[in-house]
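Written below as structure tokens is the structure these notes are about.
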Protein chains: 2
Amino acid sequence: MPGIDEKDREIIRILRENGRITLTELGKRVKLSPASVKNRLEKLEKLGAIKGYSAVIDPAFLDEFVQAFFEIRLAIDDGSVDAILSRIAKLDNVCAVYRRSGENQILIQANFHNTDEVKDFAGLLKRKYFGKNLERIKITLIIDTFKENWVTLG
Amino acid sequence: MPGIDEKDREIIRILRENGRITLTELGKRVKLSPASVKNRLEKLEKLGAIKGYSAVIDPAFLDEFVQAFFEIRLAIDDGSVDAILSRIAKLDNVCAVYRRSGENQILIQANFHNTDEVKDFAGLLKRKYFGKNLERIKITLIIDTFKENWVTLG
DNA sequence: GCTGAAATTCTGGAGTG
DNA sequence: CACTCCAGAATTTCAGC
């Protein structure tokens, strides 16, 4: 990676596990002044190394009692799918969207208030987003979370 | 949820998509003083609604060029597995660990420098962590990420 | 990348409804 | 009892070096 040194990587690693750390504390850990850390942060955000910041939430506090994975098998997986995935990514209840190797090329993670909403969402994926290109959809529900977004729980 | 009102939920929703927002800005959005927001944040963290904060990173900048999912089928899935999953969750290259419904009860997401490390990790899961209890392990590699941790990319 | 000063934010206590 | 206000502390920010 061009223009990235070990201190940048250390900053990234720390932020990944503690996204709300202050510049001052971050500076102490990597032995830099707060101003320098800020300059590096801006550089890393501009370069796209840091995409954003997020809090790790217990979804039950938002009445999101059902968390589900949707593994989707498409008949044809070409570039035209990208636009669809981008639209799905914008949905408020969707927390992750990946394209991956294997038979089920698409993986979507989303939260719901109840299982009826899960069914509705699966129908939406078939009807509104993928249409006949959707060959199979496998739904699994999260039972327990031990780590999420690099944050260890419990 | 006891002791949680709509303003708390709004704070949580904002933080989930913008984990580094200041208390002042957060206060403007939910129409509260920064001090009140701070009190609520401390309450939400104490209650366990907010588990932590994380930056969303492009793993390539850490030379983590391979991101993989490990779907694991166990012969017996009882409470004794919890301790194992907690240990796996502590590993530095593991970003998520879930127990879920379906045939492959365990889902692990982790990052690697290359595919050799993926193979090593799969071996470790079998040899060190699950042993004979591990019936099957399905590995898939992430090809593209459209959304992660509630942060939309691209 | 550091320094130092100014602006902003954070923080804890006292006061109000 | 949660919120606001306010003053002191800490942090952030930006200029110049």
Side-chain angles (χ1 to χ4, degrees), chain A residues 1-65 149-153, chain B residues 1-64 148-153:
Chain A
M1 280 296 148
I4 297 290
D5 64 14
E6 189 48 42
K7 281 204 160 124
D8 290 319
R9 282 189 283 269
E10 193 54 29
I11 289 170
I12 291 174
R13 275 189 284 262
I14 292 170
L15 278 171
R16 190 153 69 168
E17 296 182 9
N18 184 0
R20 243 182 124 74
I21 189 174
T22 63
L23 300 178
T24 310
E25 175 63 23
L26 203 40
K28 280 182 200 162
R29 298 236 202 133
V30 301
K31 303 277 204 301
L32 283 175
S33 72
S36 296
V37 174
K38 181 177 184 290
N39 286 337
R40 281 168 180 264
L41 266 192
E42 284 172 356
K43 178 189 70 178
L44 292 169
E45 287 168 6
K46 180 152 298 183
L47 282 173
I50 299 173
K51 303 293 188 182
Y53 303 90
S54 175
V56 178
I57 299 301
D58 180 345
F61 285 83
L62 294 177
D63 297 325
E64 299 171 353
F65 295 109
N149 306 356
W150 303 94
V151 174
T152 308
L153 311 182
Chain B
M1 279 296 146
I4 297 290
D5 63 15
E6 190 48 43
K7 282 206 159 120
D8 290 320
R9 282 189 283 269
E10 193 55 29
I11 289 171
I12 290 174
R13 275 189 284 262
I14 293 170
L15 277 171
R16 191 153 68 166
E17 296 182 10
N18 185 359
R20 243 182 124 75
I21 189 174
T22 64
L23 299 180
T24 309
E25 175 62 23
L26 203 40
K28 281 180 197 162
R29 300 238 202 131
V30 301
K31 304 275 203 300
L32 282 176
S33 70
S36 293
V37 175
K38 181 178 182 288
N39 286 337
R40 281 168 180 266
L41 265 192
E42 284 171 357
K43 178 188 71 177
L44 291 170
E45 287 169 4
K46 181 152 297 184
L47 282 173
I50 300 173
K51 303 293 189 181
Y53 304 90
S54 174
V56 178
I57 300 302
D58 179 346
F61 285 82
L62 294 176
D63 298 325
E64 298 171 352
E148 196 167 44
N149 306 356
W150 304 94
V151 174
T152 307
L153 311 180

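Proteins come first, then strands; the chains are lettered A, B, ... in the order of their sequence lines, and each starts at number 1.
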**OP:** Name all residues meeting the side chain to side chain donor-acceptor pair (under 3.5 Å) criterion together with B:Asp8; count only those two or more places apart in sequence or in a different chain, and write none if there are none.
**Re:** B:Arg40, B:Lys43
**OP:** Take the protein atom CG of A:Asn39 and the nucleotide atom P of D:dA15, then report the distance between them rounded to whole Å.
**Re:** 12 Å
Subject >> Sorted by number, the residues of residues 44-53 of chain A with heavy-atom contact under 4.0 Å to DNA chain C >> reply: none
Subject >> Partner residues of B:Glu64 under the salt bridge (charged side-chain N to carboxylate O under 4.0 Å, His left out) criterion, sequence neighbours left out >> reply: A:Arg16
Subject >> A:Asn18 and A:Glu25, any side-chain heavy atoms less than 4.5 Å apart >> reply: no
**OP:** Could you check B:Thr152, B:Asn149, B:Ile57, B:Leu153 and say which one makes a side-chain contact (heavy atoms from CB on, under 4.5 Å) with A:Lys51?
**Re:** B:Leu153
Subject >> For atom CG of A:Leu41 and atom C1' of D:dT12, their distance in whole Å >> reply: 12 Å
Original post:
Less than 4.5 Å apart, any side-chain heavy atom of A:Leu15 and any of A:Leu44?
Top reply: no
Original post:
CZ of B:Arg40 versus C1' of D:dC3: gap in Å, rounded?
Top reply: 9 Å
Original post:
Excluding sequence neighbours, so at least two apart, what forms side chain to side chain donor-acceptor pair (under 3.5 Å) with A:Lys7?
Top reply: none
Subject >> Side chains of B:Val37 and B:Thr24 in contact at under 4.5 Å (non-hydrogen atoms) >> reply: no
Subject >> Annotated protein contacts, base or backbone, on nucleotides 12-17 of chain C with a non-hydrogen cut-off under 4.0 Å, one of B, S, - each >> reply: B-----
Subject >> Value in whole Å for how far the C1' atom of D:dA2 lies from NZ of B:Lys43 >> reply: 9 Å
Original post:
How close do A:Asp58 and B:Gly48 get, heavy atom to heavy atom, and via which atoms?
Top reply: CB-O, 3.5 Å
Subject >> Atom-to-atom span, NZ of A:Lys28 to C1' of D:dA10 - whole angstrom >> reply: 10 Å
Original post:
Is there side-chain contact between B:Val30 and B:Ile14, with at least one heavy-atom pair below 4.5 Å?
Top reply: yes
Subject >> Interface with DNA chain C, restricted to residues 6-24 of chain B and to heavy atoms under 4.0 Å >> reply: B:Thr22, B:Leu23, B:Thr24
Original post:
Of all the nucleotides listed (D:dT13, D:dC3, C:dG1), which has the minimum atom distance to the side chain of B:Ser36?
Top reply: D:dC3
Original post:
Does B:Glu17 come within less than 4.0 Å of B:Arg13, counting only side-chain N to carboxylate O?
Top reply: no
Original post:
Are A:Glu42 and A:Lys46 within salt-bridge range, i.e. N to O under 4.0 Å?
Top reply: no
